[in-house]
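Values below: all heavy atoms of this structure, side chains included; hydrogens, waters and symmetry mates excluded. Since the structure is predicted, the reported quantities are computational estimates derived from the model, not experimental observations. Note that the numbering runs from 1 along the sequence shown for the chain.
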Amino acid sequence: MLGILSTYSRVAEPVLSGGDRRPARINWGSRSLLVLAALFFLYVGTENSFGGWIASYAKSLGTIPLARSVMAPSFFYSALLVGRWLAPLILRRMDEVKLARSGILVACAGMAGLILSRAMPGVIGSAMVAGIGLSAVYPITIALLSREFGAAASRVGSVMFTMANLGGAFLPWLVGYASNQFGSLKMGLTAPLIAGAGMFILYLSKWKSVDAE
């Protein structure tokens, strides 16, 4: 992360609006940029690691037929999709940052529930709760990126999506590594749970209001 940010340190971003040709300065060491970079890293890592290991966890319980174990991730991703359909309706009545915070707490409850599950109903219910909880977080994070950096968001966005890709590769690996080290997939699945807690803490940061754009 530090290497990526140092590459773009204090790059000037051109402003294309109207006749104002002055470049917009980007402070690549700003707190909001670092917080957003961490959020992109943790969110995609959490979604990929949790969704990618549900089937293996269900199979490891030994009480669920293989065919049903393979189906387990579909409940998570279906809930994620439904949640993203419903998010615009919820945002009419609720501030987006509050929705993201609430969603992360719900997702953490779902991820904790999965770790405690011993049968298919618990696995399905926990996966769906986690999916609903995470559904609005990524779109809201992208919206915050645009709000925080305005015309410079496209340049900053390239760094953010690089961080997202890194998180999406690293956290699933970490689940597998921790599982091998501790001899339990339950222990490995604490990684996305801890990442979720980290996202909640990061979302407690002070963000620009819509009126300040």
Rounded at 0.5 Å granularity, tell me how far [atom1] in [X] sits from [atom2] in [Y].
| X | Y | atom1 | atom2 | answer |
| --- | --- | --- | --- | --- |
| Leu99 | Ser135 | CG | OG | 7.5 Å |
| Arg31 | Leu36 | CZ | CG | 10.5 Å |
| Arg101 | Met94 | CZ | CE | 9.5 Å |
| Leu91 | Ile140 | CG | CD1 | 5.5 Å |
| Ser158 | Met163 | OG | CE | 12.0 Å |
| Ile90 | Lys98 | CD1 | NZ | 15.0 Å |

Cluster check [X], [Y]: I/L/V/M/F/W/Y, side chain < 4.5 angstrom:
| X | Y | answer |
| --- | --- | --- |
| Met187 | Leu193 | no |
| Leu189 | Ile194 | no |
| Leu204 | Leu33 | yes |
| Tyr77 | Val137 | yes |
| Phe76 | Val129 | no |

Phe161 CZ: over 12 foreign heavy atoms closer than 6.0 Å: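 Yes, because the 6.0 Å sphere around CZ of Phe161 holds more than 12 heavy atoms from other groups.
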Enclosure of Met71 CE (heavy-atom neighbours >12, cutoff 6.0 Å):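 No.
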Short question: side chain of [X], backbone of [Y] - any donor-acceptor pair under 3.5 Å?
| X | Y | answer |
| --- | --- | --- |
| Ser49 | Thr46 | yes |
| Tyr57 | Leu114 | yes |
| Ser205 | Leu202 | yes |
| Ser78 | Phe75 | no |

Looking at [X] and [Y], what are the two nearest heavy atoms and their distance?
| X | Y | answer |
| --- | --- | --- |
| Val123 | Ser117 | N-OG, 3.7 Å |
| Cys108 | Gly196 | SG-C, 3.6 Å |
| Ile54 | Ala127 | CD1-CB, 4.0 Å |
| Gly188 | Ser179 | CA-OG, 3.4 Å |
| Ala87 | Ala136 | CB-CB, 4.1 Å |

Any side-chain heavy-atom pair of [X] and [Y] under 4.5 Å:
| X | Y | value |
| --- | --- | --- |
| Leu80 | Arg84 | yes |
| Met199 | Thr141 | no |
| Met128 | Ile124 | yes |
| Phe50 | Leu171 | no |
| Leu185 | Val175 | yes |
| Lys59 | Ser56 | no |

Parallel, tilted or perpendicular: rings of Tyr138 and Phe40 (30°, 60°):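 Aromatic pair Phe40/Tyr138 classed perpendicular.
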Trp173 and Phe170 aromatic ring geometry - parallel, tilted or perpendicular at 30°/60° bounds: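 Plane angle between 30° and 60°, so tilted.
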Test applied, side chain to side chain contact (heavy atoms under 4.5 Å, CB included); reference residue, Tyr203; option that passes from Val35, Ile104, Leu105: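 Among the candidates, only Ile104 passes.
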